[in-house]
Amino acid sequence: MSFPAHIARVLDQYGVAADTKAALYDLYVALGDEVLEVFGDIADEARSVDSLTPDDTLGIRARVVERYVRRCHPLWREGQPTASLWHPRELQGRASGVAMPAGAVGEELAQVVRSVVGDGQPLPEGIVVIGKNAHYGGRNETISFDVVAASVDDAVALGMAAGQQHTLPGSAGETSGTLDAARNLALIWEIQPNVYKPLGERNRPIAKIYRRHRNWHVTTLAAALQWLRSKGIATYVLRGCALATAHEVNPLKPVSKTIEELHDRTVTGVVGACGGELAGLQGDDEARLLESIAMNHALRKFVEANGAAGAIWRVVWPRAVRV
């Protein structure tokens, strides 16, 4: 794949080196047109455009992130949706997903989180934002839940910090999954930090912000479950033992038992606090999952070979009482 013809012509006209164009294209696919605007600023500051190297593109993501957060944050506070930061890979940089603000962390959500983490723990203060096709890597039909810091400066700091940065910049971490709207089901397959926990010099600038947002995992999962329940969407959750399979983890860097146990503990605690129960798969659950787009290729192969019961829970909500 390559740049659209009109962009490629401009880059060739200015003599941008082939390896620099390749590095720029990777960023363009992930982040869209704003990459080219920032590269234009860099070119204006350079001695000559044809002297730019791949190293000159290394700071583009950070500059795009800051521009994105400062532009979108006021809109999210007003409840207005925006384009997502990350672009679906299959669209090759030409279109983005969407970020849909759902309001500040409200009392109902805060009560759920407080019941899990206890009275002495901080609750993230910010804007719940739902991402549709907004996950890094561009997997189709993804849905993600972030709590973006209330302060735009704090959100920028989180967005610029070292970490996975899988969804919206400005959030310490996220809960993500796949939504199959046609079959009215969703699979949550990730509760993932966007930034690394500050340790020594690593992420020291966000240490105070991180402490206030360290319960992001409980908050984003609770927000996801509440939203899916409100929409009447059948909800499945990946078990900790299946994290490595679903994420195709490098065998040389395995998912530890501690991570699996923490994942399961978070899921169990939050589902219970939201009023639900985790149940084994029953009836046609496995068939529904296999017929859907909820699972990626690796997880689907595992389920076809071993069954879904050991890898996935279903969330069961109490039936509404008719009056």
Flag, side chain of Asn184 to backbone of Gly232, donor-acceptor distance under 3.5 Å
yes
State, yes or no, whether a side-chain contact exists between Thr20 and Leu11 at a heavy-atom distance under 4.5 Å.
no
Can you find a heavy atom in the side chain of Ile127 that is under 4.5 Å from one in the side chain of His73?
yes
Sorted by first residue and then second, give each salt bridge (charged side-chain N to carboxylate O under 4.0 Å, His left out) pair with at least one member in residues 225-247; sequence neighbours left out.
none
Angle between ring planes, His135 versus His166, binned at 30° and 60°: parallel, tilted or perpendicular?
tilted
Closest approach of Thr142 to Ala134 (non-hydrogen atoms, all atoms of both residues):
OG1-N, 3.6 Å
Please check this pair: side chain of Asn296 against backbone of Ala246, looking for a donor-acceptor N/O pair closer than 3.5 Å.
yes
Going by heavy atoms in the side chains, are Ile188 and Val315 under 4.5 Å from each other?
no
Please give me the minimum heavy-atom distance between Asp33 and Tyr28, naming the atom from each residue.
OD1-CE1, 3.4 Å
Between atom OG of Ser96 and atom CD of Glu34, what is the distance when rounded to the nearest 0.5 Å?
11.0 Å
If Ile, Leu, Val, Met, Phe, Trp and Tyr residues are connected whenever their side-chain heavy atoms lie under 4.5 Å apart, and connections chain through other members, are Leu187 and Val267 in the same group?
no
In terms of side-chain heavy atoms, does Trp189 have a donor or acceptor partner in Thr178 at a distance below 3.5 Å?
yes
For the student: nearest non-hydrogen atoms of Ala155 and Val148, plus distance
CB-CG1, 4.0 Å
Under 3.5 Å, side chain of Arg288 to main-chain N/O of Arg183, donor-acceptor pair present?
yes
Would a single hydrophobic cluster contain both Ile209 and Val117, if residues Ile, Leu, Val, Met, Phe, Trp and Tyr are joined by side-chain heavy-atom contacts under 4.5 Å?
yes
Quick one about Glu248 and His297 (side-chain donor to acceptor, distance below 3.5 Å, no hydrogens or angles considered), yes or no?
no
Nearest-0.5 Å distance, CH2 of residue Trp216 to CG of residue Asp146
9.5 Å
Do Gln121 and Arg214 have side-chain atoms, one donor and one acceptor, less than 3.5 Å apart?
yes
So do Phe3 and Leu36 actually touch side chain to side chain, heavy atoms under 4.5 Å?
yes
State the CG-CD distance between Asn194 and Gln164, to the nearest 0.5 angstrom.
8.5 Å
So, the side chain of Asp180 versus the backbone of Ala294: is there a donor-acceptor pair under 3.5 Å, distance only?
no
Contacts of type side-chain hydrogen bond (donor to acceptor under 3.5 Å, both in side chains), residue Gln226, not counting sequence neighbours:
none
Indicate yes or no: at least one non-hydrogen side-chain atom of Val16 is less than 4.5 angstrom from one of Asp50.
no
Just by distance, do the side chain of Asn203 and the backbone of Ala161 share a donor-acceptor pair under 3.5 Å?
no
Asp41 vs Arg63 side-chain heavy atoms within contact, under 4.5 Å:
yes
Can you sort out the partners of Glu201 under side-chain hydrogen bond (donor to acceptor under 3.5 Å, both in side chains), two or more places apart, ordered by chain and number?
Arg204
Rounding to 0.5 Å, atoms CD1 (Ile7) and CG (Asp12) come to a distance of 12.0 Å
Would you please test His217 and Leu262 for side chain to side chain contact (heavy atoms under 4.5 Å, CB included) and show each step?
CA-CA 10 Å; His217 56 302; Leu262 289 173; over 6 Å; no
Check whether any side-chain heavy atom of Glu190 lies under 4.5 Å from a side-chain heavy atom of His247, and answer yes or no.
yes
Between Thr167 and Tyr136, is a side chain to side chain contact (heavy atoms under 4.5 Å, CB included) present by the stated rule, with each step listed?
CA-CA 6 Å; Thr167 49; Tyr136 173 80; over 6 Å; no
Give a yes or no on whether the backbone of Ala23 and the side-chain of Asp26 come within a donor-acceptor separation of less than 3.5 Å.
no
Which heavy atom in Ser51 sits nearest to a heavy atom in Ser48, and how many Å separate them?
OG-O, 2.6 Å
Expected output: side-chain Tyr68 to main-chain Ala83 donor-acceptor under 3.5 Å
yes
Are the side chain of Ser115 and the backbone N or O of Val112 linked by a donor-acceptor pair below 3.5 Å?
yes
Hey, does Leu290 have a side-chain heavy atom less than 4.5 Å from the side chain of Arg300?
yes
Judged by atom type as modelled, is there a donor-acceptor pair below 3.5 Å linking the side chain of Gln165 to the main-chain atoms of Leu158?
yes
Which heavy atom of Val105 sits nearest to which heavy atom of Pro124, and what is that distance?
CG2-O, 3.7 Å
Testing the 3.5 Å rule here: is there a donor-acceptor pair between the side chains of Thr53 and Asp19?
no
Taking only Lys NZ, Arg NE, NH1 and NH2, and the carboxylate oxygens of Asp or Glu, determine whether Glu261 and Lys257 approach each other closer than 4.0 Å.
no
Measuring from Thr235:OG1 to Leu179:CG, what's the distance to the nearest 0.5 Å?
9.0 Å
Taken to the nearest 0.5 Å, the spacing of Leu221 CG from Phe145 CZ works out to 10.0 Å
Nearest non-hydrogen partners of Val129 and Ala99, listed with the distance
CG1-CB, 3.8 Å
Is a donor on one side and an acceptor on the other found under 3.5 Å between the side chain of Arg61 and the backbone of Met160?
no
Do Thr175 and Thr220 have a side chain donor and acceptor closer than 3.5 Å?
yes
